[in-house]
Amino acid sequence: MGTELGKAFFDRDTVLVAKELLGKFLVRKFRGREVSAMITETEAYDGSEDRASHASKGKTARTEIMFGHPGVFYIYLVYGMYYMLNIVTREHSHPAAVLIRSIQHYNGPGKLTKFLNIDKDLNALPAKKSSGLWFEDRGVKIPPRSIKKTRRIGIDYAEPIWVAKKWRFFIER
DNA sequence: ACGATGATGAAC
DNA sequence: TTCATCATCGTA
């Protein structure tokens, strides 16, 4: 079908990875069924200085995954009911990740994880077929002019300099 | 505008 | 051990 994205893809600049994930496919194999959808919206969280990032609290039981190897899923529960899907970027010890905010036909990070049956069971697993969740390049090219960037969503508690970063990317429809 | 609903991190 | 907060969403 497509080319599976390996560790090297994620071992790069977080903002670049967030941008390049647009147009790539998220593939989920669960209970014998395979479902896939194109990624349409992402957000970058980079470094422990980024006050919008969980990594700004330092290394804790929850956030240590962000300090680990690239290409590993970081999944957590928010508001008691929605799982957020992140993929770790950059080299080991540099905490960073990209939040997958939307896939085609499912707008919103909580809705896409529900649709793809993604929960904490996948937390800390690498993005590869044997994990049941992975990324594929299927040759879709998103023209640069149709990539929009804005501030990130739901992080207004952070300091203005971090709120102002235009690290949310999406494909204009 | 707000409540659902539970894990997390910080305070005590 | 308690408390406020939260990378959201559906209903209003």
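Residue numbers start from 1 in every chain, and the chains themselves are labelled A, B, ... in the order their sequence lines are given, proteins ahead of strands.
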Under 4.0 Å between any heavy atoms, over every strand shown, what does K120(A) touch: base, sugar-phosphate, or nothing? Just pick one.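 Sugar-phosphate, backbone atoms only, no base.
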
Counting any heavy atom closer than 4.0 Å, what does R152(A) reach on the DNA or RNA strands: base, sugar-phosphate only, or nothing?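 Touches nothing.
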
Nearest whole angstrom, please: distance from the [atom2] of [N] to the [atom1] of [X].
| X | N | atom1 | atom2 | result |
| --- | --- | --- | --- | --- |
| D46(A) | dA7(C) | CG | C1' | 15 Å |
| I65(A) | dA7(C) | CD1 | P | 16 Å |
| K166(A) | dA7(C) | NZ | P | 22 Å |
| N123(A) | dA7(B) | CG | P | 14 Å |
| D119(A) | dG6(B) | CG | P | 15 Å |

Looking at OH of Y74(A) and CD1 of I65(A), how far apart are the two atoms once the value is rounded to the nearest 0.5 Å?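 Spacing of OH (Y74(A)) from CD1 (I65(A)) equals 7.5 Å.
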
Gap separating the CD atom of E20(A) from the CG atom of D137(A), nearest 0.5 angstrom: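 Reported to 0.5 Å precision, the distance equals 9.5 Å.
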
For DNA chain C, what string of dots and brackets results from 5' to 3' when Watson-Crick and G-U pairs need both distances under 3.5 Å, crossing pairs get [ ], and pairs with another strand get |? ||||||.||||.

Examine dA7(B): is either OP1 or OP2 under 4.0 Å from a nitrogen or oxygen in the side chain of R62(A)? Give yes or no.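 Looking at the OP1 and OP2 atoms of dA7(B), neither is under 4.0 Å from any side-chain N or O of R62(A).
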
Would you say a side-chain N or O of Y157(A) is under 4.0 Å from OP1 or OP2 of dA7(C)?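 Yes.
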
Would you mind checking if E43(A) and R152(A) are paired as a salt bridge, meaning a charged N to carboxylate O distance below 4.0 Å?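 Salt bridge flag = no for E43(A) with R152(A).
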
Could you pull out the protein-nucleic contacts involving nucleotides 8-12 of chain C (nitrogen or oxygen on both sides, under 3.5 Å)?
residue: dT8(C); atom: OP1; partner: R101(A); partner atom: NH1; Å: 3.3
residue: dC9(C); atom: OP1; partner: G108(A); partner atom: O; Å: 3.4
residue: dC9(C); atom: OP1; partner: P109(A); partner atom: N; Å: 3.1
residue: dC9(C); atom: OP1; partner: G110(A); partner atom: N; Å: 2.8
residue: dC9(C); atom: OP1; partner: K111(A); partner atom: N; Å: 3.3
residue: dC9(C); atom: O4'; partner: Y82(A); partner atom: OH; Å: 3.1

When you compare the side chains of [X] and [Y], does any donor N or O come within less than 3.5 Å of an acceptor on the partner?
| X | Y | answer |
| --- | --- | --- |
| T150(A) | R168(A) | yes |
| R138(A) | S36(A) | yes |
| S53(A) | S56(A) | no |

Pair F9(A) + F135(A): ring centers closer than 6.0 Å: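 Between F9(A) and F135(A), the centre distance exceeds or equals 6.0 Å.
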
Taking the ring of H54(A) and the ring of Y76(A), is the distance between their centroids below 6.0 Å?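 Between H54(A) and Y76(A), which both carry aromatic rings, the centre distance is below 6.0 Å.
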
Distance criterion of 3.5 Å, no angle test: do you see the side chain of Y76(A) paired donor-to-acceptor with the base of dA7(C)?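 Such a pair exists between side chain and base.
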
Would you kindly confirm whether Y157(A) and Y79(A) end up in one hydrophobic cluster when ILVMFWY residues are joined by side chain heavy atoms under 4.5 Å apart?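 Same cluster.
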
Quick one: do V88(A) and V17(A) end up in the same hydrophobic cluster if we chain Ile, Leu, Val, Met, Phe, Trp and Tyr together by side-chain heavy atoms under 4.5 Å apart?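 No, V88(A) and V17(A) fall in different hydrophobic clusters.
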
Using the six-membered ring wherever Trp is involved, compare the ring planes of F115(A) and Y106(A) and label them parallel, tilted or perpendicular (cut-offs 30° and 60°).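 Parallel.
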
Tell me which residues in residues 51-60 of chain A lie within less than 4.0 Å of DNA chain C, going by non-hydrogen atoms.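 Of all residues in residues 51-60 of chain A, the ones placing a heavy atom under 4.0 Å from DNA chain C are A52(A), H54(A).
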
